[in-house]
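Below is one structure. I have some questions about it.
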Amino acid sequence: MPELPEVETVCRGLRRKIEGRRLIRVVQRRPDLRKPFPKNFSQRLRGQRILAIERRAKYILIVLEADLVLIIHLGMSGRLLIHDDPAQTLETHDHVAFQTDDNQLIVYRDPRRFGLMDIASHSGLASHPLLRDIGPEPLDPDFTPTELSNRLRGRKTPIKSALLDQRIVAGLGNIYVCEALYRAGISPRRQAATVAGRRAELLVPAIREVLQDAIEAGGSSLRDYVQTDGELGYFQHRFAVYDREGVKCPRCACASGVRRINQGGRSTFYCPKFQR
DNA sequence: CACACAACCTGTCAGC
DNA sequence: TGCTGACAGGTTGTGT
C-alpha cells in the first residue's frame, strides 16, 4: 500500500492531529511485527511529548523528547488510524495503540505484519541501520539526473528493479516506478546503467512529477487505502499503466495496449511501443 | 559487490 | 457455498 506519497500523506495527517501532544498510554498487543519490538517499548514512549513528525523514504519518524525517535514502517498493509474516542475497541490486526493527552487514539493496524517499529536516538538517526544506506529523497534538490546516473552506473539489472532499490533512490515502490517509467517513456526492461544523459534527464522529473501529483491527490490506494483521518486517496484513478493490463496506452495508438510482465517476482505494467 | 529468488503473513478474488 | 491457487503497495536474508 504505502509508497512515498502515501507515507507523506500519513505524516501530514499526523502532524496536524498529534504534533505537540504527549503520549499518555501505549498498548503493545504482540511481541513482534516483521521484527521484534524493541525492549521496554511502551515504557520508553509513555510520557513523551511529540516534537515533530518527519519522513525518510517510507519510514515515519516520530521525534520525541529525550533524544528519542519512534521509527514506523507500514510494510505492505500497515495503516495508522486516528480515533477521537480513546476507548475505541481494537480489532484483530490492531497491534499497537497510542493514546495522547488530548484523548485521541492512534491505532496501528497491519494484517500482514510486514511493517515494523523501532526506537532510535535522534542524534544518531542518520547512522541507524534501517536508514543508513538509503539513497536521496527524490523530491530534494540533490536528486539530480547526474546523481541518479552515478548511482545506476555499472548496474546490469533492469531499471525497474534498480528503482525499487532504496539505496538508489528513496521511497519508490512498485506503483510509482511503473508510472514514472511510463511518463519518461523508458522501458522497465532497459538495463539500468543505460539510463544516463538524456534518459536520466527525462526520468528525474518524471519521478518528481508523479510523486507530487500523488501527494497532491492525497495518496493513492488499490482498494481501500485510508489516510490517518479516514479520507480516501484518489490518485489510484489516475494510474496510466499500473494495474491496467490490456488498456489502451493513452499516449500512442498501439494495438496491444498496456502489457504486464514479471520482473524480480513483481508485476510490471508498461507500453512496449511507447516505452523504449 | 551485484544479482536472483525465497521468505515473511494474511486477505481477497477468480475460477471451478 | 466451498475450496484452491494466484496475487497484493515492502524488505531482507541466502546462495551464486
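No experiment lies behind these values; they were computed from the predicted model shown. FYI, side chains are in, hydrogens and waters are out, and symmetry mates aren't considered; it's all heavy atoms of this structure. Naming: A, B, ... by sequence-line order, numbering from 1 per chain.
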Measure from the side chain of A/Thr157, starting at C-beta and using heavy atoms only, and say which of B/dC3, C/dG10, C/dA8 lies closest. B/dC3
At 4.0 Å (heavy atoms only), tell me whether A/Gly265 reaches a base, stays on the sugar-phosphate, or touches nothing. nothing
When we call it a touch if two heavy atoms are under 4.0 Å apart, what does A/Ser267 touch: a base, just sugar-phosphate, or nothing? sugar-phosphate
Which nucleotide in the set C/dC7, C/dT11, B/dG11 lies at the smallest distance from any side-chain heavy atom of A/Lys58? C/dT11
Taking the side chain of A/Arg155 as its heavy atoms from C-beta onward, which of C/dT11, B/dA2, C/dC7 lies nearest to it? B/dA2
Planes under 30° and centres closer than 5.5 Å, is that true for A/Phe114 with the base of B/dC9?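 No; by the centre-distance and plane-angle rule, A/Phe114 does not count as stacking on B/dC9.
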A/Met76 side-chain proximity, nearest of C/dA8, C/dT12, B/dC9: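 Nearest listed nucleotide: C/dA8.
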Whole angstrom is fine here: how far is it from OH in A/Tyr176 over to C1' in C/dA8?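 Atom OH in A/Tyr176 sits about 15 Å away from atom C1' in C/dA8.
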Specify the separation, in whole Å, of atom CG of A/Leu164 and atom P of B/dA4. 12 Å
For C/dT4, the Watson-Crick or wobble counterpart (both distances under 3.5 Å):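 In the structure as shown, C/dT4 has B/dA14 as its Watson-Crick or wobble partner.
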In terms of ring plane angle, is the pair A/His95 and A/Tyr108 parallel, tilted or perpendicular, where the classes change at 30° and 60°?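 Rings of A/His95 and A/Tyr108: tilted, 30 to 60°.
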Salt bridge or not for A/Arg55 and A/Glu137, using N-O below 4.0 Å? yes
Between A/Arg151 and A/Glu147, is the closest basic N to carboxylate O distance under 4.0 Å? yes
Residue A/Arg56 excluded, over 12 heavy atoms near CZ under 6.0 Å: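 Buried by this count: over 12 neighbours within 6.0 Å.
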Nearest to the side chain of A/Gln166 - B/dC9, C/dT11, B/dC3? C/dT11
Taking NZ, NE, NH1 and NH2 as the nitrogens, is one of them in A/Asp32 or A/Arg30 under 4.0 Å from a carboxylate oxygen of the other? yes
Spacing of the C1' atoms in B/dG11 and C/dT12 (rounded, Å):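 These two C1' atoms come out 23 Å apart once rounded.
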Looking at every strand, decide which applies to A/Leu130 at a 4.0 Å heavy-atom threshold: base, sugar-phosphate, or nothing. sugar-phosphate
Report the nucleotide, chosen from B/dC9, C/dG10, B/dG11, that has the shortest atom-to-atom distance to any side-chain atom of A/Pro111.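 Closest nucleotide to the A/Pro111 side chain: B/dG11.
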Which part of the nucleic acid does A/Arg167 contact within heavy-atom distance under 4.0 Å: base, sugar-phosphate only, or nothing?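 Contact class for A/Arg167: none.
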Nucleotide B/dC8, atom P - distance to CZ of A/Arg112 in whole Å: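 Interatomic distance, CZ of A/Arg112 to P of B/dC8: 13 Å.
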Could you state the CD-C1' distance from A/Glu245 to C/dA6, rounded to the nearest angstrom? 13 Å
Nearest whole Å is fine: how far is C/dA8 P from A/Asp243 CG?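 So the two atoms are 8 Å apart, to the nearest Å.
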Protein-nucleotide distance (A/Ile134, atom CD1; C/dT12, atom P), rounded to Å: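 That distance rounds to 8 Å.
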Who is the Watson-Crick or G-U wobble partner of B/dC9, with both distances under 3.5 Å?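 Base-paired to nothing in any strand shown.
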